[in-house]
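The next block holds one structure in the form of structure tokens; read it before the comments.
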2 protein chains.
Amino acid sequence: MPVNQKIKVAVDGVVFGYTSKDGLLILLIKRDVTPFKGDWALPGGLVLDEESLEDAIYRELKEETGVQINYLEQLYSFGKPGRDPRNRVVSITYYGLVKPDGLMLNAGTDAGDARWFNVKNMPELAFDHRDIVSVALKRLQSKIVYEPIGFELLDEKFPFSELEKLYMAVLDRPIDRRNFKKKVSKFGFLIETNEKQALETAGRPGNLFCFDQEKYFQLKKDGINFEI
Amino acid sequence: MPVNQKIKVAVDGVVFGYTSKDGLLILLIKRDVTPFKGDWALPGGLVLDEESLEDAIYRELKEETGVQINYLEQLYSFGKPGRDPRNRVVSITYYGLVKPDGLMLNAGTDAGDARWFNVKNMPELAFDHRDIVSVALKRLQSKIVYEPIGFELLDEKFPFSELEKLYMAVLDRPIDRRNFKKKVSKFGFLIETNEKQALETAGRPGNLFCFDQEKYFQLKKDGINFEI
DNA sequence: TCAAAAGTGTTCTTGATACACCCATGG
DNA sequence: CCATGGGTGTATCAAGAACACTTTTGA
């Protein structure tokens, strides 16, 4: 039994954001140390001896980017020898979702080099972070059709078209507006408010909706399952 | 940056088997060291400095149980401080499937204390292994309905009723034989042979079927998705 | 000849898909 | 009054669910 194991444990986070203007976004930081100095990478770092994995990823995200996470879930663990050229590092990765009002960076301490990139227009990434992003994107795509995590990427109140465009951006395919509305409405956790969208552009303003989390959890507990 | 991190990295495996006689089975080993000496636990152990996580779990399963794994997939990583009373251990867990002809234990070196238990009749487990099994079972249940991993729990040739009973055992609910057969047959990767089941009991013997892996991968590549 | 398990089709209901015109607003 | 984007309903088709009797074998 090797008690003198040399493996280190890290956490890394794939944080997604969304705006209809910029599409599906991912949060990266610019490395200021070797290896891969100057390259972009996922936020993350080593786990402290006494903190849980979740605490570690929240701490790293706060320190390095200052974003406010709405949803976080463990993704996968990467541990191939050689993925970090310095030491053997096993990284437990998470993916998170941020609402548009939390996209503002630099609220943290040393977030000077954090930036959002459109997922279709990412730079080269350090380590095996490209693989991690790829797994995260697939997970997001498959999860968003059977749990309403899409709402965690929108403001509290949003026009219906935002939800629709978000799904198109994440799933990367067209969606029929009428069928989509029928499906989503059927579940009953979408509340229509009396307010209307504030426009910056021409076009008819849409009604604002919000997500009824209470009702969703109730439905989920009763065993009703959401599927888009 | 803490370079003197004290966390250890382990792998643990939830290995499922199935026979129509005994139902859905899980592989446990009896601990012969403290802590939890004499209790049952999942097979697993610390990862060696130079081996991949997958190599580690295969090695541990072989050393501790000698089973022959047909399917293996990473499950989840558990890392709460205190889950192991001795040291901080982060465990990357896997779940695996074994065909009935690989159920034989003791082919390994020191597998004297490995045993199969029906999932509905497990003993108390060491550490947080009960939680791990619970996650694995949910994963198996959700995976078996959209990927044909069920075939990895049956012999090469099997009567159709075995497949049906397996699904009932895993999903823990009744299934209509005719509807199930229609669904499964529709995909076209189920081959009917001319052979008939050898009976130990009364009743009409069923035709034997086998799973066409080639065809399945072809269909999958073409983007056809299986769902029971 | 009885008990046990396998084999097989049809009907009905529900959900999925395809599709086009009118409405409210800003410029 | 025109351009832009939001809002809405129906008809067709496919898949899912419910359901019972006949056949083959061992005892």
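So that the names make sense, note that chain A is the first sequence line, chain B the second, and so on, each numbered from 1.
- Of the candidate nucleotides D/dG26, C/dC19, D/dG7, D/dG26 has the atom nearest to the side chain of B/Ala202.
- Distance check, rounded to the nearest 0.5 Å: CD1 of B/Ile224 to OH of B/Tyr216 gives 11.0 Å.
- Rounding to whole angstrom units, NZ of residue A/Lys183 and P of D/dG9 are separated by 19 Å.
- If you measure from atom CD1 of A/Ile175 to atom P of C/dC19, you get 17 Å, rounded to the nearest angstrom.
- The base of D/dT10 sits within donor-acceptor range of the side chain of A/Lys182, with an N or O pair under 3.5 Å.
- Proximity of A/Lys181 to the phosphate of D/dT8: a side-chain N or O atom is located under 4.0 Å from OP1 or OP2.
- Other residues, nucleotides and ligands place no more than 12 heavy atoms under 6.0 Å from the CD atom of B/Gln68.
- Atom C1' of nucleotide C/dG7 and atom NZ of B/Lys165 are separated by 14 Å, given to the nearest angstrom.
- Annotation for A/Glu156: atom CD does not count as buried by contact number, only 12 or fewer foreign heavy atoms lying within 6.0 Å.
- Within 3.5 Å, no donor on the side chain of B/Asn207 pairs with an acceptor on the base of C/dA6, nor the reverse.
- For C/dA6, the base has no donor-acceptor partner in the side chain of B/Arg178 [N/O atoms by modelled type, under 3.5 angstrom].
- Rounded to an integer number of Å, the gap from CG of A/Leu163 to P of D/dG7 is 12 Å.
- By the 6.0 Å contact criterion, NZ on B/Lys143 is enclosed, its count of non-hydrogen atoms from other residues, nucleotides or ligands being greater than 12.
- Residue whose closest nucleotide on DNA chain D sits further toward the 5' end, between B/Lys186 and B/Asp176: B/Lys186.
- Put simply, the side chain of A/Arg204 and the base of D/dG7 share no donor and acceptor less than 3.5 Å apart.
- Between B/Glu227 and B/Arg177, it is B/Glu227 whose nearest contact on DNA chain D lies nearer the 5' terminus.
- Ring planes of B/Phe117 and B/Trp40: perpendicular class, angle over 60° (limits at 30 and 60°).
- In terms of position along DNA chain C, the nucleotide closest to A/Asn179 lies nearer the 5' end than the nucleotide closest to the other residue of the pair A/Pro205 and A/Asn179.
- In this structure, B/Ser161 does not reach the C/dA5 phosphate: none of its side-chain N or O atoms is under 4.0 Å from OP1 or OP2.
- Rounded to whole angstrom, the span from the CG atom of A/Leu199 across to the C1' atom of D/dG6 amounts to 10 Å.
- Distance, B/Phe160 CZ to C/dT8 P: 10 Å, rounded to whole Å.
- Spacing between atom CG of B/Asn225 and atom P of C/dA16 amounts to 14 Å, rounded to whole angstrom units.
- Phosphate contact (OP1/OP2 of C/dA4, side-chain N/O of B/Thr201, threshold under 4.0 Å): absent.
- Rounded to whole angstrom, the span from the NZ atom of B/Lys196 across to the P atom of D/dT25 amounts to 7 Å.
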